[in-house]
**Q** 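One structure is given below, represented as structure tokens, and several questions about it will come after.
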Amino acid sequence: MTTDASTGNIPISVFDLRHTFESAQPLTFHADYNPGSNSILYTMGRTIVSVGQSGGNEKGTLTVMSKELGIAMRDAVKRFRLGDDMKRIYRIINTDRFTDEAIRRYYGMRLTVNDPWETTLCFIISQFNNVKRIRKIVRALKERYGQPIKDNTGRTIAHSFPESKDLLGASVKDLMGCGTGFRARYVKHAAEYCTYNLDIYKLNPTDYDKLTEALMEINGVGEKVADCIALMGYGNTEAFPIDVWVKRTMERVYFKGRKKTPKQLRRFADERYGKYKGYFQQYLFWGGRQMDEEVGAYA
DNA sequence: ACCCAGGCGGGCG
DNA sequence: CGCCCGCATGGG
């Protein structure tokens, strides 16, 4: 962190920075986590922000450090959903042994609300891919197409997340050079479409149907990716992204291993959790993935 | 070698 | 609507 950054504190309750960071959300794909200080370093536009947790998960403190402290503080409140009453959300989604155990293990794990364009790009990259490689690709895109961020001595210490216009000059071949693979043409289209045709920042976060419909006009954004963007880019917890882990875990835990269609799984979640199903999904996804071999014990 | 990964677009019936 | 296929790449 540069020396002229200032620091602010925010009280937190039922919050775990490590679980939040590790649970494969957009921050995970480009930020750095320092386990020694339980803090993460990420870019917010061209500003570097450090957020650290101290004092425990039940009651603790979030320390924000940035040159643009006011903006970074407001951003952190939104990004980490500090207004959410987690005890109330837990009461709503904790309807069975599996979710109870996932909440116990990942107590304080929050959904995050990230920049809509960053979230779109991250989840286009995510399709038919794994977390480790998503992270690698996103970092390559930042380094090649993001703006260099310099410290006081003029040394480049980070790169901003590339805006859509920053990617306009990149050919499909260039993008494949960053490891995007067959998704390169999706990235190219998304960059063009979101620069010239769609102002992604003007979409209404609370209108789930219109929001996802608009997002799916982008090549490479289907139902699942649109749900991820709605949830983690716009904070719409009605969204219920169904990936291989959510599907697998739900079939095991709630349907005796029988195959179910996404439509059936979505209805199940909607009936039980309504507008909180996005939060249920995050515990289902991360719990199911981490607890893989043990999932059967909670069926 | 083989299988899988926070799926999607396109073609077909 | 549903089903099936190909798709780039790297790690287990």
Side-chain angles (χ1 to χ4, degrees), chain A residues 19-31 102 106 109-114 116 118-141 144 170-194 212-237 239-252 259-267 269 277-293 295:
Chain A
H19 290 323
T20 301
F21 175 81
E22 288 180 346
S23 59
Q25 300 186 245
L27 273 172
T28 314
F29 303 142
H30 74 271
Y106 306 106
M109 176 174 69
R110 301 282 184 135
L111 282 167
T112 61
V113 181
N114 305 272
E118 295 185 14
T119 308
T120 299
L121 192 59
C122 284
F123 280 108
I124 285 174
I125 302 297
S126 80
Q127 63 174 90
F128 200 48
N129 209 342
N130 58 65
V131 173
K132 193 166 190 174
R133 211 163 73 87
I134 296 164
R135 192 179 159 96
K136 189 175 165 189
I137 296 167
V138 170
R139 291 179 156 214
L141 290 171
R144 287 193 211 179
S171 67
V172 169
K173 198 172 192 177
D174 293 335
L175 294 168
M176 288 186 87
C178 296
T180 55
F182 66 89
R183 310 160 196 83
R185 59 195 179 88
Y186 300 151
V187 172
K188 185 163 178 53
H189 176 263
E192 290 166 355
Y193 191 75
C194 291
T212 51
E213 189 184 345
L215 292 169
M216 284 191 286
E217 291 300 314
I218 304 168
N219 289 352
V221 179
E223 277 190 30
K224 191 272 175 183
V225 167
D227 271 331
C228 284
I229 302 167
L231 186 60
M232 289 172 255
Y234 292 87
N236 190 320
T237 59
F240 189 71
I242 302 171
D243 74 307
V244 291
W245 288 105
V246 168
K247 176 173 160 61
R248 185 179 297 156
T249 307
M250 284 185 82
E251 287 170 348
R252 286 181 188 165
K259 296 298 177 192
K260 294 289 168 185
T261 63
K263 188 176 291 185
Q264 292 173 306
L265 298 175
R266 181 184 305 282
R267 190 186 320 127
K277 56 185 175 297
Y279 248 114
F280 168 64
Q281 181 272 167
Q282 187 62 19
Y283 282 82
L284 186 60
F285 164 70
W286 194 242
R289 207 182 113 114
Q290 301 302 108
M291 294 152 68
D292 191 16
E293 305 299 329
V295 164

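Throughout, a chain's letter reflects where its sequence line sits, starting with A, and its residues are numbered from 1.
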**Q** Indicate, with a heavy-atom threshold strictly under 4.0 Å, whether A/Ser23 touches base, sugar-phosphate, or nothing.
**A** base
**Q** CD of A/Glu217 versus C1' of B/dC8: gap in Å, rounded?
**A** 14 Å
**Q** What pairs of donor and acceptor atoms, side-chain ones from residues 239-247 of chain A against any protein atom, are under 3.5 angstrom apart with sequence neighbours left out?
**A**
{"unit_1": "A/Asp243", "atom_1": "OD1", "unit_2": "A/Val246", "atom_2": "N", "d": "3.1"}
{"unit_1": "A/Asp243", "atom_1": "OD2", "unit_2": "A/Trp245", "atom_2": "N", "d": "3.1"}
{"unit_1": "A/Lys247", "atom_1": "NZ", "unit_2": "A/Glu251", "atom_2": "OE2", "d": "2.6"}
{"unit_1": "A/Lys247", "atom_1": "NZ", "unit_2": "A/Lys260", "atom_2": "O", "d": "2.8"}

**Q** Counting runs of three or more consecutive pairs, Watson-Crick or G-U wobble, with each distance below 3.5 Å, where are the stems of DNA chain B?
**A** B:2-5 with C:9-12, B:7-13 with C:1-7
**Q** Side chain of A/Lys132, heavy atoms from C-beta onward: which of C/dA8, C/dG11, B/dG7 has the nearest atom to it?
**A** C/dG11
**Q** Within this structure, what is the CD1-to-P distance between A/Ile242 and B/dC8, rounded to whole angstrom?
**A** 11 Å
**Q** Say you draw a straight line from CZ of A/Arg183 to CD of A/Gln127; how long is it, rounded to the nearest 0.5 Å?
**A** 6.0 Å
**Q** Nearest heavy atom decides the nucleotide; on that basis, is A/Phe285 or A/Met216 closer to the 5' end of DNA chain B?
**A** A/Phe285
**Q** Would you say the side chains of A/Ser126 and A/Asn129 form a donor-acceptor pair under 3.5 Å?
**A** no
**Q** Once side chain to side chain donor-acceptor pair (under 3.5 Å) is applied, do any residues pair with A/Arg289, and if so which ones, sequence neighbours excluded?
**A** none
**Q** Would you say CD of A/Glu213 has more than 12 non-hydrogen atoms from neighbouring residues, nucleotides or ligands within 6.0 angstrom?
**A** no
**Q** Nearest whole angstrom, please: distance from the P of B/dA5 to the CH2 of A/Trp286.
**A** 14 Å
**Q** First locate atom CG of A/Asn114, then atom SG of A/Cys122, and finally report the distance between them rounded to the nearest 0.5 Å.
**A** 7.5 Å
**Q** Starting from P on B/dA5, measure out to NZ on A/Lys136 and report it in whole angstrom.
**A** 19 Å
**Q** Just jot down the side chain to side chain donor-acceptor pair (under 3.5 Å) partners of A/Thr20, sequence neighbours excluded, or say none.
**A** none
**Q** In terms of relative ring orientation, are A/Phe182 and A/Tyr186 parallel, tilted or perpendicular, with 30° and 60° separating the classes?
**A** perpendicular
**Q** Hey, does A/Ile229 reach any base, or is it just sugar-phosphate, or nothing, if we go heavy atoms under 4.0 Å?
**A** nothing
**Q** Ignoring hydrogens and angles, tell me if any N or O in the side chain of A/Arg139 forms a donor-acceptor pair with the backbone of A/Ala31 under 3.5 Å.
**A** yes
**Q** Between OG1 of A/Thr249 and CD of A/Gln290, what distance do you get to the nearest 0.5 Å?
**A** 11.0 Å
**Q** Got a list of protein N/O to nucleotides 2-4 of chain B N/O distances below 3.5 Å?
**A**
none

**Q** To the nearest Å, give me how far apart CZ (A/Phe128) and P (B/dG10) are.
**A** 18 Å
**Q** State the CE-CZ distance between A/Met291 and A/Arg252, to the nearest 0.5 angstrom.
**A** 11.0 Å
**Q** CD1 of A/Ile125 versus P of C/dC7: gap in Å, rounded?
**A** 19 Å
**Q** Could you work out the separation of B/dG9 and C/dG10 based on their C1' atoms and round it to a whole Å?
**A** 24 Å
**Q** Of all of residues 177-190 of chain A, which get a heavy atom below 4.0 angstrom from DNA chain B, listed by number?
**A** A/Phe182, A/Tyr186
**Q** For B/dG11 and C/dA8, measure between their P atoms and round to the nearest Å.
**A** 16 Å
**Q** Over how many whole Å does the gap from A/Arg135 atom CZ to C/dG11 atom P extend?
**A** 14 Å
**Q** From A/Gln25 CD over to A/Met109 CE, what is the distance, rounded to the nearest 0.5 angstrom?
**A** 7.5 Å
**Q** Tell me the interatomic distance from A/Arg133, atom CZ, to C/dG12, atom P, rounded to whole angstroms.
**A** 13 Å
